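By convention here, the first residue in the shown sequence is residue 1. This one's a predicted model, so the numbers in the text were calculated from it and none came from an experiment. Atom set for the values below is all heavy atoms of this structure, side chains included, hydrogens, waters and symmetry mates excluded.
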Amino acid sequence: MDNEKSKDIRSTNIVAARAVADVVRTSLGPRGMDKMIQDQRGKVLITNDGATILKQMEVIHPTAKMLVEISKAQDIEAGDGTTSVVVIAGALLKACQELMNKGIHPTAISDGFDVALTKAKEIITGMGQPVDLNDRDILIQNCITCLSSKVVSQNSDILAPMAVDAVMRIIDKTDTNVDLRNIKVSMKLGGTVDDSELIDGLVFTNNKVSHFAGGPSRIQDAKVGLIQFCLSAPKTDLENNVVVHDYTAMDRILKEEKKYIVAIVKKIVATGCNVLLIQKSILRDSVNDMALHFLAKKNIMVIKDIEREEVDFICKTVNAVPVPHIDQFTKEKLGTAKLVEEVSAGSQNKIVKVTGCPEQNKRVSILVRGSNQLVLEEAERSLHDALCVVRALVKHRFLVPGGAAVEMEVSQKLQAHSREIFGTDSYCVRHYGECLELIPYTLAENAGLDPITFVTELRNHHIQGSKFDGLNIRKNKIMNMLEDNVVQPSLVSISALTLATECVRMILKIDDIVMTR
């Protein structure tokens with residue numbers, strides 16, 4: 001009885017997880033379909049990115065949630081291949097079911113898959129071509145391959161170089177990792193994706209320059225101060241009312257307020273500051289009209305409502321120190337920039353650019369443009385994937401051919417390897433190899449080609465030793481992927497296989513689900 005129960009639990013687990021894999025399978029590859037996702041509030045999202053699709057889906061079954069987790073892990077680790085990792089896991093689960101039906105014990109299957117994974121990693125490492133980070137073209141090719149399946153693939157000739165240049169500016173050639181927090185991606189509605197640009201410094205999309213009383217909108221050789229206190233009359237802590245009986249008292253209040261603000265402005269002017277960034281305040285107005293009037297008179301540019309989260313990035317970029325109180329506002333706390341100017345970004349829109357920041361800080365900003373919110377968000381997600389691909393190459397400096405060449409080669413070599421070993425491992429390794437053929441099969445199927453013909457032909461090419469051959473979906477034929485410049489970081493393939501196999505082995509070991517209150 002128990003045996004039957006654990007069999008049932010296993011098969012329901014596998015069915016649930018495969019259902020998730022089948023959802024994203026159609027969006028694999030350059031000709032993959034996009035998914036339209038609508039949340040409870042009616043917000044619509046169009047995307048091709050496996051991790052985004054799964055993150056938005058409401059998955060209830062606990063085993064199916066594991067597939068969502070591996071796609072998230074792949075997104076963090078390699079940035080690309082989030083769909084492949086789920087498709088591979090789905091294929092491996094199907095193989096598990098077939099092997100269990102033959103009467104092989106789940107633990108034996110799990111061990112067999114481990115043997116296969118070790119061999120597969122060896123094969124991928126053997127296929128890797130070393131990459132030099134100074135070779136900008138090859139890095140751009142990697143990004144173009146990554147962007148080819150996205151909605152914004154026709155703009156990849158602009159987004160790919162942008163991603164490569166951004167990462168190259170913030171790392172030293174000896175680094176083995178990239179902190180993507182040093183690249184700030186800002187979005188601004190209007191224009192097209194082609195209008196996106198890389199800015200050496202800062203860009204503010206939501207903060208406007210205050211034009212009250214004719215303040216300046218362009219400052220050269222800026223001394224930038226960032227304040228976290230308010231430039232307005234002090235308020236009492238609680239809701240208190242001040243009752244004024246005669247107008248002399250009223251005048252006195254206004255005079256005091258003016259005196260208070262003038263004193264603060266004088267201290268600001270004394271430091272030589274000519275660009276003032278003011279952090280958003282929730283207690284009272286962060287700056288009032290009188291203060292803006294005096295600052296404009298002194299030719300100081302004011303950018304208000306800076307978000308709390310941005311303070312850290314801004315300070316590191318211009319070498320400023322945030323100042324919480326006017327008494328600490330000194331010359332040493334100011335940052336520097338060659339130019340701060342407000343530029344037009346379409347009809348009514350304005351953005352503020354801060355360029356010529358100190359070189360050693362290694363911070364850049366990317367401004368993404370798009371004609372509507374959906375395109376804009378998808379462009380931003382695609383750009384993040386491209387940045388992750390460059391990061392994967394910095395981490396692990398090898399690249400492998402794309403177009404399912406890796407999967408086919410591993411599949412081919414594993415099936416050959418399975419004939420050299422004995423016992424249940426031989427069965428498991430063979431099935432593992434056969435599973436990987438699902439990737440070229442799906443690529444061909446999504447592109448509307450005849451999958452059986454193409455996969456068979458590709459298999460023959462690999463048996464004859466053309467290990468870099470893969471499917472060129474654009475030209476609908478099998479070609480050498482390295483010559484065709486379809487390449488991807490080897491970390492993407494290795495990480496996808498590792499995560500998928502670990503997840504499947506974990507699912508196999510589960511034989512019961514216990515509900516607790």
Side-chain angles (χ1 to χ4, degrees), residues 79 139 143 147 152 155 158-172 175 178-209 217-220 222 224-226 275-280 301 303-320 322 335-346 349-370 375-391 394:
L139 297 178
C143 289
L147 292 169
V152 291
N155 306 101
I158 283 178
L159 294 177
M162 210 185 287
V164 173
D165 294 344
V167 174
M168 286 302 131
R169 278 182 200 179
I170 63 165
I171 61 163
D172 295 319
D175 289 0
V178 182
D179 186 358
L180 290 182
R181 282 176 304 205
N182 293 344
I183 300 174
K184 183 164 178 287
V185 181
S186 312
M187 302 189 285
K188 185 75 175 167
L189 200 60
T192 59
V193 181
D194 290 345
D195 298 336
S196 304
E197 55 183 322
L198 177 67
I199 294 159
D200 235 347
L202 288 169
V203 59
F204 298 109
T205 50
N206 302 328
N207 311 76
K208 295 193 180 69
V209 171
S217 60
R218 176 192 167 99
I219 298 263
Q220 276 185 320
V224 186
L226 181 76
V275 174
L276 194 61
L277 308 178
I278 305 178
Q279 188 181 314
K280 216 175 198 170
M301 183 192 227
I303 302 171
K304 49 186 185 180
D305 294 344
I306 300 286
E307 292 291 346
R308 182 73 189 272
E309 301 83 63
E310 294 178 2
V311 169
D312 188 41
F313 185 84
I314 293 171
C315 291
K316 283 180 177 161
T317 311
V318 296
N319 267 354
T336 54
K338 293 252 173 60
L339 179 66
V340 179
E341 63 171 337
E342 185 177 49
V343 284
S344 159
N349 301 332
K350 293 266 172 57
I351 54 170
V352 183
K353 279 189 200 173
V354 180
T355 47
C357 300
E359 278 296 308
Q360 71 277 15
N361 292 343
K362 296 188 182 275
R363 301 272 189 298
V364 293
S365 304
I366 294 177
L367 176 66
V368 181
R369 307 296 304 275
V375 174
L376 194 61
E377 284 171 9
E378 182 60 13
E380 193 257 341
R381 274 193 296 274
S382 307
L383 189 65
H384 178 261
D385 280 6
L387 291 170
C388 288
V389 164
V390 185
R391 185 186 66 183
V394 174

Do [X] and [Y] come close enough that some side-chain heavy atom pair is under 4.5 Å?
{"X": "V368", "Y": "I366", "value": "yes"}
{"X": "V354", "Y": "F204", "value": "yes"}
{"X": "E378", "Y": "R381", "value": "yes"}
{"X": "R308", "Y": "Q279", "value": "yes"}
{"X": "V178", "Y": "D175", "value": "no"}

Calculate, to the nearest 0.5 Å, the distance between atoms [atom1] and [atom2] belonging to [X] and [Y] respectively.
{"X": "R369", "Y": "I351", "atom1": "CZ", "atom2": "CD1", "answer": "6.5 Å"}
{"X": "S382", "Y": "N155", "atom1": "OG", "atom2": "CG", "answer": "9.5 Å"}
{"X": "T317", "Y": "N182", "atom1": "OG1", "atom2": "CG", "answer": "8.5 Å"}
{"X": "D195", "Y": "K188", "atom1": "CG", "atom2": "NZ", "answer": "13.5 Å"}
{"X": "K362", "Y": "D200", "atom1": "NZ", "atom2": "CG", "answer": "10.5 Å"}
{"X": "I306", "Y": "I314", "atom1": "CD1", "atom2": "CD1", "answer": "4.5 Å"}

So, does [X] use its side chain to make a donor-acceptor pair with the main chain of [Y] at under 3.5 Å?
{"X": "S186", "Y": "L367", "value": "no"}
{"X": "T192", "Y": "G370", "value": "no"}
{"X": "D179", "Y": "R181", "value": "yes"}
{"X": "D305", "Y": "N207", "value": "no"}

Checklist entry - Hey, are D312 and K316 close enough for a salt bridge, meaning a charged N less than 4.0 Å from a carboxylate O? => result yes

Report all side-chain donor-acceptor pairs from residues 339-346 shorter than 3.5 Å, counting only partners two or more places apart or in another chain.
unit_1 : atom_1 : unit_2 : atom_2 : d
E341   : OE1    : R218   : NH1    : 3.0
E342   : OE1    : H211   : NE2    : 2.7
S344   : OG     : G346   : O      : 3.2

Checklist entry - Taking only residues two or more places apart in sequence or in another chain, which ones pass side chain to side chain contact (heavy atoms under 4.5 Å, CB included) with C143? => result A160, A163, V164, A386, V390

Next on the checklist: Determine whether L139 and M168 satisfy the following criterion, side chain to side chain contact (heavy atoms under 4.5 Å, CB included), listing intermediate values before the conclusion.
Outcome noted: CA-CA 10 Å; L139 297 178; M168 286 302 131; 3.6 Å; yes

Item to check | Over all atoms of both residues, closest heavy-atom pair of I158 and V193 | outcome: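 Looking at all heavy atoms of both residues, the shortest contact is CG2-O, 4.5 Å.
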
Item to check | Nearest heavy atoms of V364 and F313, plus distance in Å | outcome: O-CZ, 3.6 Å

Item to check | Residue pair E197, V203: steps toward the side chain to side chain contact (heavy atoms under 4.5 Å, CB included) verdict | outcome: CA-CA 10 Å; E197 55 183 322; V203 59; over 6 Å; no

Checklist entry - side chain to side chain contact (heavy atoms under 4.5 Å, CB included) between D385 and L147: does it pass, once the steps are laid out? => result CA-CA 8 Å; D385 280 6; L147 292 169; 5.7 Å; no

Item to check | K208, NZ atom: more than 12 neighbouring heavy atoms under 6.0 Å | outcome: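 Counting other residues, nucleotides and ligands, NZ of K208 stays at 12 neighbours or fewer.
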
Next on the checklist: Please evaluate residues L180 and I183 with respect to the criterion side chain to side chain contact (heavy atoms under 4.5 Å, CB included), reporting the C-alpha separation (whole Å), side-chain torsions for both, the decisive distance (0.1 Å), and the verdict.
Outcome noted: CA-CA 5 Å; L180 290 182; I183 300 174; 4.2 Å; yes

